[in-house]
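Read the structure below first, then the notes.
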Amino acid sequence: MISTTMTSLDKEESPAHRAAAFIRGAILEARFAPGQRLVESELSSLTGLGRGPVREALRLLAAEGLVAIEGNKGAVVARASKAMMVEVFEVRELLEGLAARRAALRAATSPHLESIERALDEESLRNVDDSGLILMEANEHLHQLVVDAAESPVIERVLVQMQLPELSSIFFRLMSPTIWRHSREDHIGILNTILKGDGEAAEQRMRAHVRRTAALFADLPDELLR
């Protein structure tokens, strides 16, 4: 059941961004299913916000790829094919591997050095029994940090353009403490090689990490995409 409370949302955000945060959380936690219609009046009731902010929130989420605006149905939770997901990971492996290499080669003088060191400490202490949403946000932060440290607007732009609607919500449903533990170990290895300035090792560790994630999606049962 979807909670109608919004106490965790930042009161200083605009109503549209507050509505977007609520809807985003519901999608990522699989409370809204792929292909499900997102009815403005129902969302307005759930969030306690007007239909105007809800409508704008749906546009924001469409820009992120989590929502699709279909002419005959309106806003729906977006979906993607398994083949497309696998292909996206093939390209991400190359791009994120390159980002890790560039981050390592720039580590000694990087303005992100302290952030990388802090991320390593956080990963080492990470509790894999935390909520899936907390772990997902931490995972996304770490991958973004590596891209930031690569200092490549081209890599960052292409990765943003490659975002698929369902990856986050399906990723959330796939994860288990065991998988998170393996992911944490990967992250620690990647960050260590970046801090050592070892570009080759950083790239190979990142590529192996992305390949492991891709394998989870390749073995997806078809019903998860419906």
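When a residue number appears, it is its place in the shown sequence, counting from 1.
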Under the side chain to side chain contact (heavy atoms under 4.5 Å, CB included) criterion, do Leu120 and Ile188 qualify, and how do the steps go? CA-CA 6 Å; Leu120 178 58; Ile188 290 171; 3.9 Å; yes
As a quick check of understanding, evaluate side chain to side chain contact (heavy atoms under 4.5 Å, CB included) for Leu191 and Leu142, giving each step before the final call. CA-CA 9 Å; Leu191 293 171; Leu142 185 142; 3.6 Å; yes
Kindly indicate, with the supporting measurements, whether the criterion side chain to side chain contact (heavy atoms under 4.5 Å, CB included) is fulfilled by Leu195 and Leu113. CA-CA 8 Å; Leu195 289 172; Leu113 181 59; 3.6 Å; yes
Go through the steps to decide whether Ile27 and Val67 satisfy the test side chain to side chain contact (heavy atoms under 4.5 Å, CB included), and finish with yes or no. CA-CA 9 Å; Ile27 292 173; Val67 169; 4.0 Å; yes
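The hydrophobic clustering, which links ILVMFWY residues whose side-chain heavy atoms are closer than 4.5 Å, places Val146 and Val158 together. There is no path of hydrophobic side-chain contacts, each under 4.5 Å, that joins Val86 to Leu216. Leu94 is not connected to Val210 by any chain of hydrophobic side-chain contacts under 4.5 Å among Ile, Leu, Val, Met, Phe, Trp and Tyr, and they are in different clusters. Residues Leu49 and Leu60 fall into different hydrophobic clusters, defined by Ile, Leu, Val, Met, Phe, Trp and Tyr side chains chained together at heavy-atom separations under 4.5 Å. Hydrophobic clustering keeps Val76 apart from Leu46 (ILVMFWY residues linked when any side-chain heavy atoms are closer than 4.5 Å, directly or through intermediates).
Put simply, the side chain of Ser183 never gets that close to the backbone of Ile179: no donor and acceptor are under 3.5 Å apart. Between the side chain of Asn139 and the main chain of Leu135, no donor-acceptor pair closer than 3.5 Å is present. Side chain of Arg37 to backbone of Gly74: no donor-acceptor contact under 3.5 angstrom is found.
Listed by chain and number, the residues in a side chain to side chain donor-acceptor pair (under 3.5 Å) with Glu93 are Arg207, Arg211 (sequence neighbours excluded). Residues passing the salt bridge (charged side-chain N to carboxylate O under 4.0 Å, His left out) test with Glu200, sequence neighbours excluded: Arg101. The side-chain contact (heavy atoms from CB on, under 4.5 Å) search around Glu42 returns Val39, not counting sequence neighbours. In this view, Glu87 and Glu90 satisfy the side-chain contact (heavy atoms from CB on, under 4.5 Å) rule, not counting sequence neighbours. Residues satisfying the side-chain contact (heavy atoms from CB on, under 4.5 Å) criterion with Glu137, sequence neighbours excluded, are Leu133. For Arg102, there are no salt bridge (charged side-chain N to carboxylate O under 4.0 Å, His left out) partners at least two apart in sequence or on another chain.
Atom CG of residue Leu38 and atom CZ of residue Phe32 lie 6.0 Å apart, to the nearest 0.5 angstrom. Taken from CD1 in Ile155 to CG in Leu98, the straight-line distance is 4.0 Å, to the nearest 0.5 Å. A distance of 4.0 Å separates CD1 in Ile190 from CE in Met206, rounded to the nearest 0.5 Å. Distance check: Arg31 CZ to Ile23 CD1 gives 11.0 Å after rounding to the nearest 0.5 Å. Interatomic distance, Arg18 CZ to Thr47 OG1, rounded to the nearest 0.5 Å: 8.5 Å. Atom CG of residue Asn192 and atom CD1 of residue Ile116 lie 11.5 Å apart, to the nearest 0.5 angstrom.
Applying the salt bridge (Lys or Arg N to Asp or Glu O under 4.0 Å) test to pairs two or more places apart or on separate chains, those with a residue in residues 112-126 are Glu123-Arg126. Residue pairs meeting the ring pair (Phe, Tyr, Trp, His ring centres under 6.0 Å) criterion with at least one member in residues 132-156, sequence neighbours excluded: His143-His187, His143-His209. Judged as a salt bridge (Lys or Arg N to Asp or Glu O under 4.0 Å), the pairs with a partner in residues 54-63 (not counting sequence neighbours) are, in order, Glu40-Arg55, Glu56-Arg59. For residues 44-89, every residue pair satisfying the ring pair (Phe, Tyr, Trp, His ring centres under 6.0 Å) rule, not counting sequence neighbours, is listed here: Phe89-Phe217. Residue pairs meeting the salt bridge (Lys or Arg N to Asp or Glu O under 4.0 Å) criterion with at least one member in residues 180-197, sequence neighbours excluded, are Asp186-Arg212. Evaluation of the ring pair (Phe, Tyr, Trp, His ring centres under 6.0 Å) test over residues 36-74, restricted to residues two or more places apart or in two chains, returns none.
Heavy atoms only, all atoms of each residue included: Ala75 and Leu58 are closest at CB-CD1, 3.8 Å. Residues Ala150 and Ala99 come closest through the heavy atom pair CB-O, 3.4 Å. The two residues Pro111 and Glu151 have their closest heavy-atom pair at CD-OE2, 3.6 Å. The two residues Ala57 and Ala20 come nearest to each other via the heavy atoms CB-N, 3.5 Å. The minimum heavy-atom distance linking Ala62 with Ile69 is given by the pair CB-CG1, 4.1 Å. When every heavy atom of Gly197 is checked against every heavy atom of Leu105, the shortest pair comes out as O-CD2, 4.2 Å.
For the pair Val154 and Arg157, the minimum side-chain heavy-atom distance is below 4.5 Å.
His17 and Ser14 are linked by a side-chain donor-acceptor pair at a separation below 3.5 angstrom, with hydrogens and angles left out of the test.
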